[in-house]
Amino acid sequence: MTKKAVFLVVPALLVLIFPLAFENPYILHMLILSMLWIVLGVSWNLLGGFTGQVSYGHAAFFGTGAYATAILVKSGQPPATAWWGLLVGGLAAALLATFIGWICFRLRGPYFSLSVLALSEVLRLVALNWKEVTNGAEGILFLPAFNDKGAYYYIIFAIAAITIFAVHRVMKSKLGFYFLAIREDQDAAESLGIDTTKYKLISLMISAFFTGVAGSFYMNYMGFIDPGIVFDLSKISIMMILVTMLGGAATLWGPALGAVIYILVSEGFRVYVGSGHLVFFGVLIIVIILFFPNGIVGSILEAKGRRDRRTDNKDPKQVAA
Amino acid sequence: MRKTFVAAVAALAMTAGPAGAQEKVVKIGVPLPLTGAEAKFGEMEKQAYEMAAEEINAKGGVKGHKLSFDIQDSGGKAETATAIVEKFVSINKYPFVVGEYSSQCSYSVAAVAEKYKVPYLVVTGAADKITQQGWKYVFRLNPPSSLYNMGVFSFFETVAKPKSIAILYENTDFGNSTSKAMKEYCKAKGINIVLDEGYQAGAVDFKPILQKVKSLRPDIVYMVSYLMDASLLMRQSKELDINPQAFIGGGAGHTLPEFLQNAAEASEYCMSATLWTPQVKYPGAKEFFDKFKAKFGKEPDYHGVEAYAAAYVTADTLKRAKEWTAEAIRTALAATNMMTAFGPIKFIAWDQFTNQNRMETLVLQVQKKKYETIWPKDAASAKYVYPVPRWRDRK
């Protein structure tokens, strides 16, 4: 076993046996939310970090995933539907991504960012007003299939692992190099024969798919969604960006670390600091951004890259990817 | 530097608990939105809980224990509210959960409480569905939103007898649920609904909708709104010179003291459904209002008194419970039958509701820049003005 594999397998095993050792629902709840946000951060990062297409409206895909599954269950399918509904949620989000990406990625600059922002707001209004299908503001209730949190824990662990693995594989493949090329210089990428519209679209589809799966899981786990919860601009779309930036955009593990910080540290402040907790969390974010301008993982890798370059001229970009 | 810090902490710790170790405390978990858009309501409720706890403890507490509410900020987010309750149940081991503000959060908390078989008292979340699930551990102190209008209905039947109505509501769970009850009532009674329109939460320009209202000339304009929209709807109605027989609000925004300031003279004669006013004849209602106003320098509305009453219901339940386990507290809570400043509290089942308190709701009207209770007659503090004078006939 290589050293790198040990670093991966040992923590993974620890995470896996954790629920067996601690059967505390509160702690499991926090870990489940952390892993949910890992999925969200990592999938946003594929598009925003590696491909350089900043999305201000990923709640559109999150909400679409949640609603696709919810509507499926509401239409009288057996509750087990909700589980293969995860796939339906992901595919619905990817389909939506195809539609918006196909239109917007022909353009450059802020058009895509602004279009998804608008898209997520439009979808929120649709979900709010199309009452026959979505129940409008009353939301959709779905009584969770398991009473035991352990089941959800393993399911979201699997989803998070698959997401990270998928992004890792994509970034090691030809696709990944195309994405980086597009991020660095679209004209140069085109002149090399890369169809930028197509590859930006592929990046968006993968990102949207996992975001949709996460939305669908959220619906399964929380048992209740309404348009204000799943299409929220500040609590979903913006937090996905923050989580990525905290940990380090365009690094594999950065968004995951950012997600864990976001969930666990903000909860810690809420419990131990009390009424001023948001101020403390805000200050922490400012401090992180001041001292780790490329995110925590990003800045560490950069420092390591500088040191390596001094010794053997290694390219930091490769380390980062 | 470090020494001063340690000394300061030590001093704080000493002042924090004067009675020291012998004092026994019983803690009850309360999630509330203290930050975010609903913070205003959460803050008022927090003050009411704490004021009630002080009073209860001054009278000797509960079975020799000091009653203390562990109030935690949910930020109005369903997943944070859920996390707080998970923590209350699994780490703090509280046998009883009370509170939350919005329907959305109350609903999520209720689902968690039912799952862990811990009694939960809903205090302000009004959407009907919360007590329509047949849940055994979920109780509700406030009436469901479909009953918010009962006072208005009886006013319609006895006094107003309207023929047509325009219904405007904020497109949220509360707005939908409340306006739905009004629509069903109107359909059953043959009142013509000329307009039925939900608007965006946070909207500021209502003139397009109000123009429609003006051209349809309904007898009643009925609105379910929060604070800003309630004020703006009235101001813009005045500007457009819309003259129905009456403007009626469905609770929430139309009952807040800030509504009187924001809408100013446009609020005059506006009616609203409400759950409570300081003029109700329940024992302690007026005292609560005066004490709260003196202590915090602002007037409480029905949300404040709901929290205040919830604290007393909690103390009463704990006193009657044989032991302080979730099961025994649930049994005691189910047998609650008491009078509070908010009104009589008793949890019963009817229609699809279970463990639901039922009470009379009132109608108030703004008269001379003050809220007056106008309906039902035996609770009225002033006579209603109906139909209301046209805008241009007012001086």
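In what follows, chains carry the letters A, B, and so on, assigned in the order in which the sequence lines appear, proteins first and then strands, with residues in each chain numbered from 1.
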Straight-line distance of [X] [atom1] to [Y] [atom2], nearest 0.5 Å:
| X | Y | atom1 | atom2 | value |
| --- | --- | --- | --- | --- |
| Asp226(A) | Ser103(B) | CG | OG | 10.0 Å |
| Tyr26(A) | Asn92(B) | OH | CG | 9.0 Å |
| Asp232(A) | Lys77(B) | CG | NZ | 8.5 Å |
| Lys180(B) | Glu138(A) | NZ | CD | 4.5 Å |
| Thr82(B) | Met222(A) | OG1 | CE | 3.5 Å |

Distance-minimising heavy-atom pair for Ser90(B) and Asn24(A):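 Closest approach of Ser90(B) to Asn24(A): OG-OD1, 3.1 Å.
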Evaluate whether atom [atom1] of [X] has more than 12 neighbouring non-hydrogen atoms of other residues, nucleotides or ligands under 6.0 angstrom away.
| X | atom1 | answer |
| --- | --- | --- |
| Phe157(A) | CZ | yes |
| Lys295(B) | NZ | yes |
| Lys40(B) | NZ | no |
| Phe18(A) | CZ | yes |

Between [X] and [Y], is any pair of side-chain heavy atoms under 4.5 Å apart?
| X | Y | result |
| --- | --- | --- |
| Glu86(B) | Lys149(A) | yes |
| Lys129(B) | Phe224(A) | yes |
| Tyr107(B) | Leu141(A) | yes |

Region of Leu128(A) in contact with chain B, defined by heavy-atom distances below 4.5 Å: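 Both parts, backbone and side chain.
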Under 4.5 Å from a heavy atom of chain B, the part of Leu28(A) involved: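 Interface part for Leu28(A): neither.
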Engaged part of Ala127(B) at the chain A interface, taking heavy atoms whose separation is under 4.5 Å: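 Neither part.
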Which atoms of Gln104(B) approach chain A - backbone, side chain, both or neither, heavy atom under 4.5 Å: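 It is both, since atoms from each part get that close.
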Salt-bridge contact Lys235(A)-Glu79(B) (side-chain N to carboxylate O under 4.0 Å):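 Result for this pair is no, no salt bridge flagged.
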Among Thr172(B), Ile84(B), Thr80(B), residue most engaged with chain A (heavy-atom pairs, under 4.5 Å):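 Ranked by heavy-atom pairs under 4.5 Å with chain A, first place is Ile84(B).
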Max heavy-atom pair count under 4.5 Å with chain A, selected residue of Leu34(B), Asn171(B), Thr35(B):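 Greatest number of close heavy-atom pairs with chain A: Asn171(B).
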